[in-house]
Amino acid sequence: MSEVLSQSEIDGLLAALSSGELDVDQMQAADEKKVKDYDFKRPAKFSKEHLRTLEMIYEHYGRLLSTTLPLYLRKNVTVSVANSETVTYSEFSNALSNPVILGVISFLPLQGNIILELQANIGFSFIDRMLGGEGGTLDKPRPFTDIEMPLIEKLVTICMQLMVEPWQNVVSINPVMERIETNPQFAQVISPTDMIAIVTLNIKIGDTEGLMNVCLPYFTLESVMDKLNTKFWFSTMQKNNDEDYEETLETMVRHVDVPVKAILGKCNVSVNDFVHLQAGDIIRLDNRVNTDMQVYVGNLFKFTALPGTAKEKYAVRITSVVREEEE
């Protein structure tokens, strides 16, 4: 209901208008509603709340990458979320370099695909490290070879599988790798005008630094958009109990390679005897033929064993386990 002015208030208002204290144009401008331009070519389908929740999901994802990739690379890896934004798919694809690593992933049970993009220097660093190098990258980019592509597929598969846990609070996903492309022209999975959310992660492997972009189309996330908010996120977040933590830790430890060596025996020889050793010479060890060998895991004496063969290869058969108090 409109406010009714008294006679004294009406007289005061008329006096103010007559003296110039009030401007009629300014009063009309203040009553006008502000109109915001709407771009129909770039519909705002992702809100700031949606992007903030996606950043939280991929911050968790980045922590998983930081702890998992070193198991394969034997090198320190740091991953952090750089930013998130919403653009059209054409803007995303036009900004891609060539070559580039594009993993087209089916985001089951959601409809459609997502794209996992890795810069080429991250791929070359991963390949170099997996093949025994220092993890360096190339000075001049080139296409990936047929020998290198299986290693790239392994990298993208690792990154894909780690997405399951961070998305658990929103939806239980079962991602499936459909294909890997290195040319952006062959990765047109949605219409160029469709809106997508991009979460950018900064990855550093040793001295090599690059970006990972996760392209999430609105069409794929449409059925779970109501769950992409911080209120829902925190309400469904479940803290892992000690048993779950121990199980996760045990799973990670099982992927770590440790050196195992079986020592047949030892002996001391003089330098003179050592320099004159020839083929056919016999070296007498300190162990007897029927004495168990010592088996070391790393530098720890863990087992005793007897030598033998298995499938035309040298082998040992464990005879006892050395407990910590027996070492």
Side-chain angles (χ1 to χ4, degrees), residues 63-78 123-136 145-162 165 205-208 240 242-327:
R63 290 192 292 271
L64 292 178
L65 277 180
S66 299
T67 55
T68 303
L69 288 181
L71 301 178
Y72 297 90
L73 301 178
R74 304 293 188 270
K75 204 163 190 176
N76 186 41
V77 177
T78 57
F124 284 119
S125 177
F126 180 85
I127 292 169
D128 186 59
R129 190 62 182 164
M130 292 293 288
L131 297 179
E134 293 294 328
T145 65
D146 293 339
I147 297 177
E148 294 169 339
M149 284 307 297
L151 293 175
I152 292 298
E153 184 176 353
K154 180 176 182 179
L155 170 62
V156 178
T157 301
I158 294 171
C159 296
M160 176 194 71
Q161 292 172 343
L162 291 177
E165 182 179 328
I205 303 176
D207 296 329
T208 302
N240 293 331
D242 293 338
E243 293 182 359
D244 292 337
Y245 176 76
E246 292 177 0
E247 182 179 351
T248 302
L249 187 61
E250 181 181 353
T251 301
M252 294 177 61
V253 171
R254 288 182 180 276
H255 287 85
V256 178
D257 295 331
V258 292
V260 177
K261 58 183 177 182
I263 298 178
L264 188 61
K266 301 177 182 178
C267 71
N268 294 321
V269 296
S270 65
V271 175
N272 183 59
D273 292 339
F274 176 74
V275 297
H276 289 92
L277 283 176
Q278 297 180 1
D281 289 349
I282 297 175
I283 300 176
R284 180 175 295 179
L285 305 178
D286 57 355
N287 283 349
R288 295 181 176 275
V289 175
N290 57 352
T291 302
D292 289 354
M293 300 168 56
Q294 294 182 347
V295 180
Y296 287 80
V297 179
N299 294 322
L300 299 178
F301 176 34
K302 281 303 190 183
F303 308 100
T304 62
L306 291 175
T309 59
K311 295 182 180 180
E312 300 181 355
K313 293 183 179 180
Y314 291 114
V316 294
R317 179 169 57 86
I318 302 297
T319 56
S320 66
V321 178
V322 179
R323 305 300 176 185
E324 291 185 3
E325 60 272 11
E326 299 175 2
E327 295 182 12

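Taking both residues in full, the closest heavy atoms of Leu65 and Cys159 are given as CD2-SG, 4.0 Å, listed atom of the first, atom of the second, then distance. In terms of heavy-atom proximity, Met293 sits nearest to Ala262 at CE-CB, 3.6 Å. Minimum interatomic distance between Glu153 and Thr157 (heavy atoms only, all atoms of both residues): O-OG1, 2.6 Å. The two residues Phe274 and Val269 have their closest heavy-atom pair at CB-CG2, 4.3 Å. Minimum interatomic distance between Asp146 and Pro150 (heavy atoms only, all atoms of both residues): O-CD, 3.1 Å. Here the closest non-hydrogen pair linking Leu73 and Phe126 is CD2-CD1, 3.4 Å.
Between atom OG1 of residue Thr304 and atom CZ of residue Arg317 there is a gap of 10.0 Å, rounded to the nearest 0.5 Å. One finds the CD atom of Gln294 at 6.5 Å from the NZ atom of Lys266 (value rounded to the nearest 0.5 Å). The OG1 atom of Thr68 sits 4.5 Å away from the CG atom of Leu162 when rounded to the nearest 0.5 Å. We find the CD1-CZ distance between Ile152 and Phe124 to be 7.5 Å, quoted to the nearest 0.5 Å. Atoms CG and CG, from Asp273 and Asn268 in turn, are 11.5 Å apart once rounded to the nearest 0.5 Å. In this structure, Lys313 NZ and Thr309 OG1 are separated by 12.5 Å, a value rounded to the nearest 0.5 Å.
At a threshold of 4.5 Å between non-hydrogen side-chain atoms, the residues Asp292 and Phe303 do not count as touching. Between Ile283 and Leu277, the closest side-chain pair of non-hydrogen atoms falls below 4.5 Å. Using a 4.5 Å cut-off on side-chain heavy atoms (C-beta onward), Leu69 and Leu155 make contact. Taking the side chain as every heavy atom from C-beta outward, Asp128 and Thr208 never approach each other to under 4.5 Å. Between Asp286 and Cys267, the closest side-chain pair of non-hydrogen atoms is not below 4.5 Å.
Surrounding CG of Asp207 are at most 12 heavy atoms belonging to other residues, nucleotides or ligands under 6.0 Å away. For CG of Asp281, the number of neighbouring non-hydrogen atoms (other residues, nucleotides, ligands) closer than 6.0 Å is greater than 12. Shown here is Leu131, whose CG atom has more than 12 heavy atoms of other residues, nucleotides or ligands within 6.0 Å.
A donor-acceptor contact shorter than 3.5 Å links the side chain of Thr67 to the backbone of Leu64.
By the side chain to side chain donor-acceptor pair (under 3.5 Å) test, Tyr72 is found to be paired with no residue, residues two or more places apart in sequence or in another chain being considered.
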